Structures are given as C-alpha cells and as structure tokens.
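Predicted, not measured: the structure shown is a model, and the values here were computed from it. All values below were derived from every heavy atom in this structure, side-chain atoms included, with hydrogens, water molecules and symmetry-related copies excluded.
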Amino acid sequence: MYTNKQPFLVALGTDQLNNYPNRIKLLQVKSENREEVKRLMKHIHYNKYTTICTDGDLAYRYLKDRVHLINGIIDYKESNHFMYWVNIQISNIKSNIEGIYHGIAKKYLNGYVQEHAWRFNHRYKGFNLMFSMMRIISYSIVMTRKMFKDYYNNASVSDGL
C-alpha cells in the first residue's frame with residue numbers, strides 16, 4: 001500500500017526524556033540527509049542542554065558538538081524505546097489520511113501533515129485559541145481559489161513531486 005512513500009523528518013519536543021510530547025515539527029524532504037536535517041533544525045529552538053534522540057542515521061552526527069546527542073540503533077522490541085512517540089504520531093497521521101480523507105494526492109500531503117502538526121501543537125489552547133486565530137487572521141491575506149491552486153501546483157513542482 002505504501003510503495004511510494006514521501007519522506008518526512010519528524011521532531012518531537014518533550015519536557016523529559018521519552019515523555020509524552022508537547023510539540024511536533026514535520027518537514028517534507030526528498031531524502032534523509034545532512035542538508036535536510038540542517039533545514040529542519042533551523043525551525044527548532046535548541047541549545048547545548050537539549051537532548052536529541054535519533055535512529056542512528058549519520059545525517060544527525062553533525063549535531064554532536066551542539067547538543068546532547070543520543071544517536072543509536074533503536075531496539076523496537078523494547079516497549080519504551082526512544083522512537084515510540086514518533087511512531088505513534090506517524091501512525092496517527094497515516095490513520096487520519098486513510099480513515100478520514102480516504103487518501104490524498106501527493107502534492108497535497110504536506111498541507112495535511114502540517115495541519116496535523118498545527119492541531120497537535122495547539123490542542124490545549126482552549127478558549128485562548130480564538131484570540132490566537134484572530135491575531136493570525138488579522139495578519140493573513142485573502143487567497144482566492146486560483147491563488148491556492150497555483151500555490152500547491154508550484155510547491156509540488158519545486159519539491160519534485
């Protein structure tokens with residue numbers, strides 16, 4: 001079913017190591033490599049006290065002098081491995097796309113994934129969400145249907161999709 005998978009880099013933020021995540025950042029990439037990881041890290045606030053756990057890929061090794069890096073092979077037989085919450089989030093995204101939307105075109109995938117990230121990151125805002133939305137909308141521009149289609153068509157062509 002997933003023969004033509006689109007790679008994404010996933011970053012989850014937690015208060016404690018391997019705890020329930022409170023933030024998520026997803027980046028659509030062409031492949032998992034050092035340049036794409038650098039592009040993701042531009043969107044993440046970190047310092048030398050930050051701990052980053054990865055799946056052992058060499059693309060993350062450049063971070064070892066900047067953060068506390070745990071870059072090792074993951075034993076998925078363990079019930080509480082470092083990638084547990086990443087796997088849960090990816091599973092939730094796949095379930096939403098298949099269950100709610102019944103599949104989507106590849107050029108729209110990033111939009112749906114970013115919507116999932118936005119909903120996850122704002123799930124506890126409650127009443128304050130309306131004020132946040134009013135502020136965001138006041139700085140936004142109106143997009144016509146043509147502008148919206150052109151944006152997705154241009155984005156999918158520039159991403160090589």
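- Taking both residues in full, the closest heavy atoms of Leu69 and Tyr60 are given as CD2-O, 3.4 Å, listed atom of the first, atom of the second, then distance.
- In this structure Asp65 satisfies the side chain to side chain donor-acceptor pair (under 3.5 Å) test with no other residue, sequence neighbours excluded.
- Annotation: side chain of Tyr62 is in contact with side chain of Val37 (closest heavy-atom distance under 4.5 Å).
- Applying the side chain to side chain donor-acceptor pair (under 3.5 Å) rule to Ser31 yields the partners Asn33; only residues at least two apart in sequence or on another chain are considered.
- For residues 6-51, the pairs satisfying ring pair (Phe, Tyr, Trp, His ring centres under 6.0 Å) are Tyr20-Trp85, with sequence neighbours left out.
- Contact check for Gln89 versus His116: side-chain heavy atoms found under the 4.5 Å cut-off.
- You'll find the side chain of Ile97 reaches within 4.5 Å of the side chain of Leu109, heavy atoms only.
- Evaluation of the ring pair (Phe, Tyr, Trp, His ring centres under 6.0 Å) rule for Phe131 yields Phe127 as partners, not counting sequence neighbours.
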Solution key, residues 50-58 side-chain donor-acceptor pairs under 3.5 Å, sequence neighbours excluded:
residue : atom : partner : partner atom : Å
Thr50   : OG1  : Asn47   : N            : 2.9
Thr50   : OG1  : Asn47   : O            : 3.2
Thr50   : OG1  : Asn47   : OD1          : 3.4
Thr51   : OG1  : His68   : ND1          : 3.2
Thr54   : OG1  : Asn71   : OD1          : 2.1
Asp55   : OD1  : Asp57   : N            : 3.3
Asp57   : OD1  : Ala59   : N            : 2.8

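- Follow the hydrophobic side-chain contacts under 4.5 Å out from Leu9 and you reach Ile44 in the same cluster.
- Tyr108 pairs by the ring pair (Phe, Tyr, Trp, His ring centres under 6.0 Å) definition with Tyr152, not counting sequence neighbours.
- Among pairs with a residue in residues 33-44, those fulfilling salt bridge (charged side-chain N to carboxylate O under 4.0 Å, His left out) read Glu36-Arg39, at least two apart in sequence or across chains.
- Considering only heavy atoms from C-beta on, Ile137 stays 4.5 Å or farther from Met134 through its side chain.
- Both Leu12 and Val113 sit in one connected hydrophobic cluster of ILVMFWY residues. Membership requires side-chain heavy atoms under 4.5 Å apart, directly or through other members.
- Using a 4.5 Å heavy-atom cutoff, the side chains of Phe120 and Lys25 are not in contact.
- For residues 68-78, there are no salt bridge (charged side-chain N to carboxylate O under 4.0 Å, His left out) pairs, not counting sequence neighbours.
- Applying the ring pair (Phe, Tyr, Trp, His ring centres under 6.0 Å) criterion to Tyr84, with sequence neighbours excluded, gives no partner residue.
- Under the ring pair (Phe, Tyr, Trp, His ring centres under 6.0 Å) criterion, Tyr139 pairs with no residue, sequence neighbours left out.
- Taken together through direct or relayed side-chain contacts under 4.5 Å among Ile, Leu, Val, Met, Phe, Trp and Tyr, Leu27 and Tyr151 form parts of separate hydrophobic clusters.
- For Glu115, the salt bridge (Lys or Arg N to Asp or Glu O under 4.0 Å) partners are Arg119, not counting sequence neighbours.
- Between the CG atom of Asn87 and the OG atom of Ser91 there is a distance of 8.5 Å, given to the nearest 0.5 Å.
- Note: the hydrophobic cluster containing Leu40 does not contain Trp118 (ILVMFWY, side chain heavy atoms under 4.5 Å, direct or indirect links).
- Using a 4.5 Å cut-off between side-chain heavy atoms of Ile, Leu, Val, Met, Phe, Trp and Tyr, with links allowed through other members, Met83 and Leu26 fall into the same hydrophobic cluster.
- The shortest distance between side-chain heavy atoms of Lys48 and Val67 does not fall below 4.5 Å.
- Here the closest heavy-atom approach between residue Arg123 and residue Pro21 is recorded as NH2-O, 2.9 Å.
- The side-chain contact (heavy atoms from CB on, under 4.5 Å) test with Ile90 is passed by exactly one of Ile88, Ile93, Val86, Asn92: Val86.
- Within the structure, every pair that satisfies the salt bridge (charged side-chain N to carboxylate O under 4.0 Å, His left out) test and touches residues 129-152, not counting sequence neighbours, is listed here: Lys146-Asp150.
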